[in-house]
Every structure is written in C-alpha cells, then in structure tokens.
Amino acid sequence: MMEKMIIGRYVPADSMLHRMDPRSKLILVFLFVCVIFLANNSWTYAILVIYTLVMAGFSKIPARFLIGGLKPVLWLVIFTFFLHLFLTKEGEVILDLGLFKIYEEGLRQGIFISLRFFLLILITSLLTLTTTPIEITDGLERLLGPLKKVKFPVHELALMMSIALRFIPTLMQETDKIMKAQTARGVEYSSGPIKERLKAIVPLLIPLFISSFKRAEELAVAMEARGYRGGEGRTKYRQLSWSKVDTGMLLFLMAVTALLVVFRG
Amino acid sequence: MNIRTIVGNGIVAALYIAVSAVIQPFGFTNVQFRISEMFNHLIVFNRNYFYGIVLGVFLTNLFFSPIVAYDLVFGVAHSVISLLITIAASRYIKNVIGLMVLNTAVFTFNMYIIAFELKLAFNLPFFFTWLTTAAGELVVLAVGIPIMYALNKRVNMGKLI
C-alpha cells in the first residue's frame with residue numbers, strides 16, 4: 001500500500017533543474033509544446049532530440065524514471081505510428097504488400113509523430129519529476145496573478161489546490177481503510193462480476209464522503225477561528241526566487257527556436 | 001468565496017485523486033474507466049462543486065497524464081465548458097436524474113475537445129478519436145448516475161458545501 005501512497009512523480013535530487021524556479025519551468029514546458037510544432041524535417045527533429053537529451057542530462061534523473069514514463073503510452077504511440085504508416089498515401093511506394101502499400105511520406109509521418117509523442121512526454125515528465133506539486137501550485141499562483149484584476153479567484157484556487165494536495169494521502173488511507181472494512185464484511189472490490197463491483201462502490205463512497213466532509217468542516221472552523229483571510233498583505237512561507245539559470249534556460253530555448261525556424265523545410 | 005466553499009472544494013479535488021488512485025479502474029478490454037470521473041455529477045447537487053471538480057481534473061492530469069501540458073489545457077477546458085452548460089441547464093431542469101442524464105450527454109458530446117487535442121498533437125483521425133473517447137466517457141458517467149443518486153440519498157450532497 002505504501003508504494004501506492006506516493007502521489008506525483010517527484011524524484012528528489014540536487015540538480016540544476018531541481019533548483020530552478022517553478023515559474024520558469026512551467027513557462028518552458030508551455031513554450032516547448034508550442035515550439036515542437038515548428039519541427040517538420042529530420043534536421044529540426046534532430047535539434048529537438050538533442051535539446052531534450054541535454055535537458056534530461058541537466059536533471060540528473062536516472063534514465064529508468066524517464067523511460068518508465070513512456071511505458072503507459074507505448075501502445076498508443078505504436079497505434080499512431082501504424083495509423084500514419086498505412087493511411088498516408090503520398091510520395092513513392094517503398095513497400096508493396098498487395099492489400100496495403102507503404103508510402104515514403106507515411107513512413108516519414110509515422111516516425112515524426114511518434115518522435116513528437118516521446119519528446120513531449122519526456123519534457124513534461126522532466127517538469128513533474130523535478131518539481132514538487134506544491135512548488136507547481138506556488139508557480140501557477142504567481143503566473144496567474146495578473147488574472148486577479150479580472151476577478152479570477154487565483155488565490156482561492158491555489159489555496160484549494162494546497163488543501164487538496166495536503167489531504168490526498170489522508171483520504172487515500174481513509175479509502176483504503178473503508179475498503180478493508182467492507183472487504184472484511186464480504187464485499188469484493190477486485191474480482192467478481194462488474195455489476196456487483198460497481199454496486200459495492202456505494203457503501204464505500206457513503207462513509208468516505210461523510211468522514212471527508214467532517215474533516216473539511218473542522219478545517220474550515222479552525223481557519224475561521226484564526227481569522228484566515230487570504231490574498232492581500234499575506235506573507236509566504238515558501239518564497240520563489242528567479243535566478244540567472246532561469247533566464248539562461250529561457251534564452252537557451254529561444255536559441256533552439258531560432259534554429260528550428262532556420263532549419264525547418 | 002467563503003472558507004467552507006474553499007475547503008470543501010479542496011477536499012472534493014483530493015477525493016477525486018484519492019479514489020482514482022486506490023480503487024482499480026474497471027475496464028472492458030483495453031478501455032479503462034476511472035471511478036472518480038463520476039464525481040462530475042456532483043455539479044447537479046450544488047453548483048459550488050464546480051471548482052473542486054475542475055481542480056480534481058487538473059490534478060489528475062498533472063499526476064497521471066503522460067502528456068501533461070496538453071491535457072491540462074484541453075482536459076480542464078472540457079470540464080469547464082461541460083460544467084457551465086449543465087449549470088445553465090439546471091435553471092430549467094429541476095429533476096436530479098434528468099440533470100445527471102443531461103450532464104452525461106454534455107460531457108460525452110464535448111469529448112470533441114479531447115479529440116481535437118489529439119488531432120492537433122498527434123494527427124489522430126478526429127471522428128474516430130471522438131467516437132472512442134466519447135464512448136468511454138458515456139459509460140463511466142452513465143454508470144455513475146445510479147451510484148451518485150444512491151450516495152445523495154444517504155448523504156445530502158447539496159448541503160455539504
């Protein structure tokens with residue numbers, strides 16, 4: 001059970017990426033998912049592969065964690081590859097299987113799209129592997145700060161997110177405890193007909209909701225009693241600091257983008 | 001926003017993750033469904049659950065989605081748009097089951113947003129992707145109707161938040 005208790009994919013290490021400001025990492029990932037569409041030939045994809053490998057090197061994350069992130073989508077990637085391989089009908093025929101013909105363009109598209117899949121997953125994994133969820137929350141709160149002007153409840157949402165992150169392990173334990181209690185009474189959660197398993201969810205959710213909202217009530221009362229008022233004038237326990245490395249990394253991505261523009265076909 | 005609403009929504013988002021992490025997804029062949037998706041029906045009982053549901057989707061994508069960045073944008077957009085439609089419809093439909101059926105239909109139809117995401121990112125065929133993802137959404141939300149109805153009978157969901 002303890003293994004399942006670890007939520008998120010954060011791997012602690014002392015690396016340049018770990019020390020970076022969560023804001024710059026978030027900006028980098030969102031820029032990368034846009035920039036990746038600039039790649040359209042072997043040169044540009046090679047540049048992106050090198051960039052991704054360099055970033056992975058900076059993170060000091062063992063390769064098995066990165067490869068582990070690719071496993072769940074492997075089938076989807078293979079499916080996408082064959083879909084493009086068989087459905088694209090442009091360029092010269094390179095293989096004639098009678099019923100199916102494989103075209104040059106199909107092979108090219110299949111390889112490029114699969115590569116795009118892998119690169120996207122690797123770069124976004126680097127964000128979640130090197131940044132704790134609470135750092136991501138802080139980063140998002142600061143980045144979305146300007147939206148306060150249009151009455152978007154940025155601070156309230158960040159507070160909800162922190163509360164959620166705090167209670168995930170507690171509620172997981174609670175869910176597990178209730179499941180065990182019901183299993184002791186003869187309820188089957190992991191075997192038996194699907195209909196029965198679905199019915200068994202109701203006696204799990206009822207105590208779970210009651211106890212969770214009891215906790216919510218207690219927390220709300222405790223916060224009100226202490227006069228909690230968010231937002232204005234509140235100091236922070238965790239401070240974010242933007243360093244030269246953050247600026248450097250953004251400039252690095254910009255240089256990569258410039259190269260992509262030059263080399264794209 | 002008062003503190004009870006903030007805390008309650010935080011707890012709903014935590015439940016969203018906790019339940020999907022602990023209960024094994026039930027599935028037919030290679031299509032898997034997350035139990036916590038049926039929490040989308042909470043909107044029917046009280047519109048204040050809006051933030052909790054959206055945050056639940058956001059955090060689920062942050063923790064479990066392999067293509068985080070796209071799913072954060074499109075997955076959240078899908079939930080926000082669908083929930084707003086259901087909230088708007090709740091002015092006219094007062095029957096809880098009727099509203100849950102509508103919510104199921106809205107979430108299912110709006111899977112075109114996810115299909116569009118996959119078309120954009122990986123050039124997957126739009127209609128095929130829409131059909132398969134919508135089928136998955138339909139099943140989990142339809143199954144969720146009797147479960148959430150039974151839950152609401154015992155725990156008055158509308159009054160919790």
Side-chain angles (χ1 to χ4, degrees), chain A residues 4 7-9 29-30 32-33 69-70 72-73 75 80 83-84 87 109 113 116-117 120-121 124 127-128 133 136 153 156-157 159-168 171-172 174-176 179 189-190 194 197-198 201-202 204-206 208-210 212-213 215-217 219-220 223-224 228, chain B residues 1-19 21-24 26-28 30 35 38-39 51-52 54-56 58-59 62-73 118 120-125 128 143-144 146-148 150-151 153-155 157 160-161:
Chain A
K4 277 209 249 159
I7 263 291
R9 285 177 281 199
V29 167
F30 278 91
F32 185 84
V33 300
L70 297 177
V73 281
W75 286 111
T80 317
L83 200 78
H84 285 96
L87 294 185
Q109 284 285 330
I113 301 267
R116 189 194 286 173
F117 232 123
L120 274 174
I121 293 164
T124 46
L127 170 74
T128 45
I136 295 182
E156 284 83 353
L157 279 176
L159 179 61
M160 273 178 213
M161 207 162 141
S162 318
I163 291 172
L165 291 171
R166 157 68 187 81
F167 279 98
I168 289 167
L171 295 187
M172 274 166 76
E174 191 90 29
T175 315
D176 192 47
M179 271 175 90
Y189 282 104
S190 48
I194 284 184
R197 278 159 66 185
L198 287 173
I201 293 175
V202 180
L204 168 76
L205 290 184
I206 292 171
L208 185 63
F209 267 81
I210 292 176
S212 308
F213 275 89
R215 282 176 202 278
E217 183 67 33
L219 180 61
M223 285 169 77
E224 263 168 3
Y228 181 88
Chain B
M1 215 182 288
N2 70 37
I3 290 184
R4 277 182 59 130
T5 314
I6 297 177
V7 176
N9 275 308
I11 294 282
V12 167
L15 276 171
Y16 214 100
I17 314 277
V19 169
V22 177
I23 306 182
Q24 287 174 355
F26 64 99
F28 313 98
N30 57 344
I35 301 287
M38 56 183 70
F39 291 170
Y51 292 108
V54 173
L55 209 58
F58 181 86
L59 289 173
L62 192 65
F63 291 137
F64 302 114
S65 160
I67 44 168
V68 181
Y70 286 106
D71 275 347
L72 283 188
V73 176
L118 294 172
L120 201 71
F122 306 115
N123 212 6
L124 288 176
F128 175 74
V143 162
I147 293 179
M148 294 309 281
L151 177 67
K153 259 188 162 171
R154 299 296 292 271
V155 188
M157 303 303 298
L160 280 180
I161 204 163

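Note on naming: letters A, B, ... go to the chains in the order of the sequence lines (proteins, then strands), and numbering restarts at 1 for each one.
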Exercise. With a 4.5 angstrom heavy-atom cut-off, which part of A/Leu87 approaches chain B: side chain, backbone, both or neither?
Worked result: neither

Exercise. Quick one: are A/Leu171 and B/Ile11 in side-chain contact, heavy atoms under 4.5 Å?
Worked result: yes

For this session: Could you please spell out the steps behind the side-chain contact (heavy atoms from CB on, under 4.5 Å) verdict for B/Leu59 and A/Leu165?
Result: CA-CA 9 Å; B/Leu59 289 173; A/Leu165 291 171; 4.2 Å; yes

Problem set entry | Side chain, backbone, both or neither of B/Tyr16 within contact of chain A (heavy atoms, under 4.5 Å) | neither

For this session: Measure B/Leu55 against the heavy atoms of chain A and call it side chain, backbone, both or neither at under 4.5 Å.
Result: side chain

Exercise. If you count the non-hydrogen atoms of other residues, nucleotides and ligands that lie under 6.0 Å from OH in B/Tyr51, is the total more than 12?
Worked result: no

Seminar exercise, completed: So, the part of A/Glu217 with a heavy atom under 4.5 Å from chain B: the answer is side chain

For this session: To the nearest 0.5 Å, tell me how far B/Phe122 CZ sits from A/Leu120 CG.
Result: 5.0 Å

Exercise. Taking the side chain as C-beta and beyond, is there a heavy-atom pair between A/Leu208 and B/Val19 under 4.5 Å?
Worked result: yes

Exercise. Among B/Leu124, B/Asn2, B/Val12, who wins on heavy-atom pairs under 4.5 Å with chain A?
Worked result: B/Leu124

Problem set entry | Side chain / backbone / both / neither for B/Arg4 at chain A, heavy atoms under 4.5 Å | both

Problem set entry | Side chain / backbone / both / neither for A/Phe30 at chain B, heavy atoms under 4.5 Å | side chain

Exercise. Mind checking whether A/Phe209 and B/Phe39 have parallel, tilted or perpendicular rings, split at 30° and 60°?
Worked result: perpendicular

Exercise. Is there a side-chain contact between B/Phe58 and A/Met161 (heavy atoms, below 4.5 Å)?
Worked result: yes

